[in-house]
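Below you'll find the structure, written out as structure tokens, and then a few comments.
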Amino acid sequence: MSKYQVVVIGSGPGGYIAAIRSAQLGMKVAIIEKYDVLGGTCTNVGCIPSKALLDSSEHYHNAEHAFEEHGIATKGLSFDFTKMVTRKNGVVKANNDGIAFLMKKNKIDTYYGTGSFVSKNKIAVTNAKGEVTELETEKTIIATGSKPTKLPFLPIDKKRVITSTEALTLKEVPKHLVIIGGGIIGVELGSVYLRLGSKITVIEFLDKIIPSMDDDLGKELLRVLRKQGMDFMLSTKVTGATTKGKEVTVTAENKNGEKVELKGDYCLVAVGRVPFTEGLALDKAGLTADERGRIAVNDNLETSVAGIYAIGDVVRGAMLAHKAEEEGAFVAEVIAGQHPHINYNLIPGVAYTWPEAASVGATEQELKQKGVAYKSGKFPFRALGRARASGDLDGFVKVLADKTTDEILGVHIIGARAADLIIEGVVAMEYRASAEDISRMSHPHPTYTEAFKEACLIATDNRALNM
Ligand code: FAD
Ligand code: NAD
């Protein structure tokens with residue numbers, strides 16, 4: 001039987017980073033993946049394919065709606081959806097291959113098959129042919145990720161009533177895509193198909209969209225997406241869906257108790273994700289999942305069984321690839337006897353719509369709830385020369401700072417390139433910068449980053465220079 005110091009179960013961003021960092025620290029490592037490709041949800045059916053389709057559809061949208069203003073004619077413009085999807089598949093494959101290469105480079109043994117505990121230190125890998133290989137290990141890292149949440153009254157047939165996984169592999173552009181859930185997946189995949197000509201209706205239970213982010217970002221994104229043509233039914237509860245041939249009828253009820261009926265050719269259910277632990281035989285290792293399906297861990301990401309760790313979507317916290325990656329490196333370093341640290345308050349969140357929305361630290365609602373005295377500086381992109389030059393005028397940067405000390409407590413951006421801009425907020429907050437610190441740093445002109453500086457000037461002393 002092969003013996004390892006570390007066995008990682010699951011090859012998503014949590015698992016493969018944990019394996020690489022463990023190998024870098026000199027450990028003998030194996031990684032187990034139940035599918036025949038590495039990379040997990042993020043690489044195969046999450047971050048990477050969704051961003052590939054978001055980028056392709058954004059190019060088309062710009063050619064259709066924005067090029068003319070720049071003096072570029074696009075007569076006879078069209079798109080080939082099959083080619084778009086083929087390109088997306090190629091992007092995914094390049095990432096799969098890249099991860100496989102990294103496993104080889106770091107001398108990590110890869111086993112394809114379902115990993116399940118035989119005992120605390122023994123793991124069986126059952127491959128697609130039913131063949132079983134047993135591995136002995138000193139430490140185990142569970143990184144088995146998550147799967148889409150199902151609504152008990154709404155069966156998913158994966159053909160007409162679908163999850164994000166099927167929405168990324170459709171053979172045609174939907175005529176009318178009804179999306180249940182106005183969270184991150186709803187607005188991202190809704191944007192893809194809206195840009196390609198689908199009618200999109202988002203049904204959201206709450207009175208706002210992207211509820212995990214600051215309310216101001218949700219309001220601005222709602223305004224801009226409505227302007228782009230996306231329909232939203234807020235404060236509306238879905239009650240069921242029935243399929244007849246190619247038609248799905250979704251029934252719902254709004255806050256006034258009025259019944260609503262929508263007919264579409266596809267219905268995407270995007271109401272969150274739940275931790276995935278099926279097939280692990282946790283009980284054989286003396287472990288159980290909690291009432292929400294998560295594996296409980298302590299501050300060192302160690303489970304109730306010494307030597308077994310868990311990371312990423314399968315444990316508490318934001319279900320984000322970069323959070324899983326941080327935990328992957330963290331846990332390898334803990335196993336190696338180091339004392340790493342993760343600042344969970346500084347894990348940024350991004351919605352890759354256009355404009356993008358990005359957030360780090362406390363939201364205004366959280367500061368109010370905690371009774372923290374704060375100041376707010378908000379600067380609109382439309383006041384920037386750079387934004388006028390590109391024509392991306394929507395959105396703003398909002399900086400929240402402590403009323404007394406001026407320390408930055410939260411940064412919330414919606415606008416062009418917000419996904420990249422947010423890192424300035426992360427760095428500022430990691431080093432506990434005040435808003436004045438940032439406002440006294442030179443920001444290149446003309447760039448979108450100037451909105452960050454201006455928002456800090458407003459937060460510090462209400463003295464924007466360009467507004
Ligand atoms: P996963 O990536 O889910 O990987 C778990 C792996 O474990 C899987 O490959 C699974 O097959 C394997 N596995 C499970 N059980 C076993 C077993 N018993 N034996 C062997 N293998 C097993 N996050 C972002 O930060 N940015 C984004 O842009 C983004 N976009 C997303 C878009 C979509 C449509 C979706 C669905 C998610 C997106 N996410 C994004 C979230 C991100 O994908 C997850 O947070 C991330 O993949 C979690 O990583 P993980 O390593 O914990 O688990
Ligand atoms: P989410 O939690 O972001 O949003 C789910 C939405 O569905 C919420 O707004 C919720 O109020 C709504 N909802 C729940 N039940 C409902 C019901 N019965 N009827 C109508 N609405 C209902 O979840 P998601 O969009 O499914 O995404 C899942 C996870 O994947 C998230 O944790 C997210 O962080 C991650 N993800 C991240 C990215 C990114 O980082 N860009 C992209 C996609 C997914």
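As a basis for the values below, the full set of heavy atoms in this structure was taken, side chains included, without hydrogen atoms, waters or symmetry mates. In what follows, residues are counted from 1 in the order of the sequence shown. All ligand and atom numbering here is 1-based and tracks the order in the structure. Worth saying up front: this structure is predicted, and the values here are computed from it rather than measured.
- In terms of polar-atom proximity, Ala321 is counted as a contact of ligand 1, with an N or O under 3.5 Å from an N or O of the ligand.
- Protein heavy atom in closest approach to atom 8 (C) of ligand 1: Glu33 OE1, 3.5 Å.
- Nearest heavy atoms, His322 versus Ile347: CD2-CG2, 3.7 Å.
- Contacts between Thr144 and ligand 1 below 4.0 angstrom, taking non-hydrogen atoms only, involve backbone and side chain alike.
- Annotation: Lys51 places an N or O atom under 3.5 Å from an N or O atom of ligand 1; distance criterion only.
- Remark: ligand 2 atoms within the under-4.0 Å shell around heavy atoms of Pro211 are 8 (C), 9 (O).
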**Q.** Leu287 and Ser304: CA distance, side-chain angles, deciding distance, side chain to side chain contact (heavy atoms under 4.5 Å, CB included) verdict
**A.** CA-CA 7 Å; Leu287 281 169; Ser304 56; 3.6 Å; yes
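- In terms of protein heavy-atom proximity, atom 5 (C) of ligand 2 is nearest to Ala270 O, 3.6 Å.
- Nearest protein heavy-atom neighbour of atom 13 (N) of ligand 2: Val271 CG1, 3.8 Å.
- The shortest non-hydrogen separation linking Ala100 to Leu38 is CA-CD1, 3.8 Å.
- Nearest protein heavy-atom contact of atom 10 (C) of ligand 2 is Glu204 OE2, 3.5 Å.
- Salt-bridge annotation for Asp215 and Lys219: absent, with no side-chain N of the basic residue lying under 4.0 Å from a carboxylate O of the acidic one.
- For ligand 2, the polar-atom distance check against Glu188 finds a nitrogen or oxygen pair separated by under 3.5 Å.
- Val297 has its side chain within reach of Arg316: a pair of non-hydrogen atoms, C-beta onward, lies under 4.5 Å apart.
- For atom 29 (C) of ligand 2, the nearest non-hydrogen atom from the set Arg273, His322, Met213 comes from Arg273.
- The closest approach between Arg273 and ligand 1 falls below 4.0 Å for a heavy atom of the residue.
- Here's the thing with Met319: one of its N/O atoms is less than 3.5 angstrom from an N/O atom of ligand 1.
- Nearest protein heavy-atom neighbour of atom 18 (N) of ligand 2: Leu151 CD2, 3.7 Å.
- Interface of Phe276 with ligand 1, defined as ligand atoms under 4.0 Å from a residue heavy atom, comprises 14 (C), 15 (N).
- When non-hydrogen atoms are compared, ligand 1 lies under 4.0 Å from the backbone of Pro13 as well as from its side chain.
- The shortest separation from a heavy atom of Lys323 to ligand 1 is not under 4.0 Å, leaving the residue out of contact.
- Inclusion of Thr41 in the set of residues having an N or O under 3.5 Å from an N or O of ligand 1 is warranted.
- Counted by atom type alone, Tyr344 and Glu327 present one or more donor-acceptor pairs between their side chains at under 3.5 Å.
- The shortest N or O to N or O distance between Leu320 and ligand 1 is under 3.5 Å.
- Distances from atom 1 (P) of ligand 2 to the heavy atoms of Pro348, Ser50, Gly182, Gly183 show the closest one on Gly183.
- The closest approach between a heavy atom of Ala167 and any atom of ligand 1 is not below 4.0 Å.
- Contact annotation: for Ile180 versus ligand 2, heavy atoms closer than 4.0 Å belong to the side chain alone.
- Distances shorter than 4.0 angstrom occur between a heavy atom of Val45 and an atom of ligand 1.
- Among protein heavy atoms, atom 42 (C) of ligand 2 sits closest to Ile184 CG2, 3.2 Å.
- Between Tyr266 and Val178 there is no side-chain heavy-atom pair separated by less than 4.5 Å.
- Taking all atoms of both residues into account, the shortest heavy-atom contact from Gln228 to Trp354 is NE2-O, 2.8 Å.
- In this comparison of Gly181, Ala318, Gly349, the heavy atom closest to atom 7 (O) of ligand 2 sits on Gly181.
- Counting all heavy atoms, side chain and backbone alike, Gln5 lies closest to Lys28 at OE1-N, 2.8 Å.
- Residues Met213 and His412 fail the side-chain proximity criterion, which asks for heavy atoms closer than 4.5 Å.
- Closest to atom 34 (O) of ligand 2 among all protein heavy atoms lies Met319 O, 3.4 Å.
- Comparing heavy-atom distances from atom 40 (C) of ligand 1 across Ala310, Gly328, Cys47 singles out Cys47 as nearest.
- Across the listed options Val187, Val202, Ile185, Ile185 owns the non-hydrogen atom lying nearest to atom 44 (C) of ligand 2.
- The protein heavy atom nearest to atom 2 (O) of ligand 2 is Gly272 CA, 4.2 Å.
- Taking only nitrogen or oxygen atoms, main chain and side chain alike, Gly14 reaches within less than 3.5 Å of ligand 1.
- Considering backbone and side-chain atoms together, Tyr35 places no N or O closer than 3.5 Å to any N or O of ligand 1.
- Of the protein's non-hydrogen atoms, Phe205 N, 3.4 Å is the one closest to atom 20 (C) of ligand 2.
- Ligand 1 has a nitrogen or oxygen under 3.5 angstrom from a nitrogen or oxygen of His322.
- Salt bridge present: Lys378 and Asp216 bring a charged side-chain N and a carboxylate O closer than 4.0 Å.
- Residue Thr114 has no nitrogen or oxygen atom sitting less than 3.5 Å from a nitrogen or oxygen atom of ligand 1, judged on distance alone.
- Under 4.0 Å from ligand 1, the heavy atoms of Ser146 that appear belong solely to its backbone.
- At a heavy-atom distance under 4.0 Å, only side-chain atoms of Leu320, from C-beta outward, approach ligand 2.
- Shortest non-hydrogen contact noted between Ala30 and Tyr111 is CB-CE1, 3.8 Å.
- At a heavy-atom cutoff of 4.0 Å, ligand 1 is contacted by both the backbone and the side chain of Cys42.
- The distance from ligand 2 to the heavy atoms of Ile203 drops below 4.0 Å at these ligand atoms: 20 (C), 21 (N).
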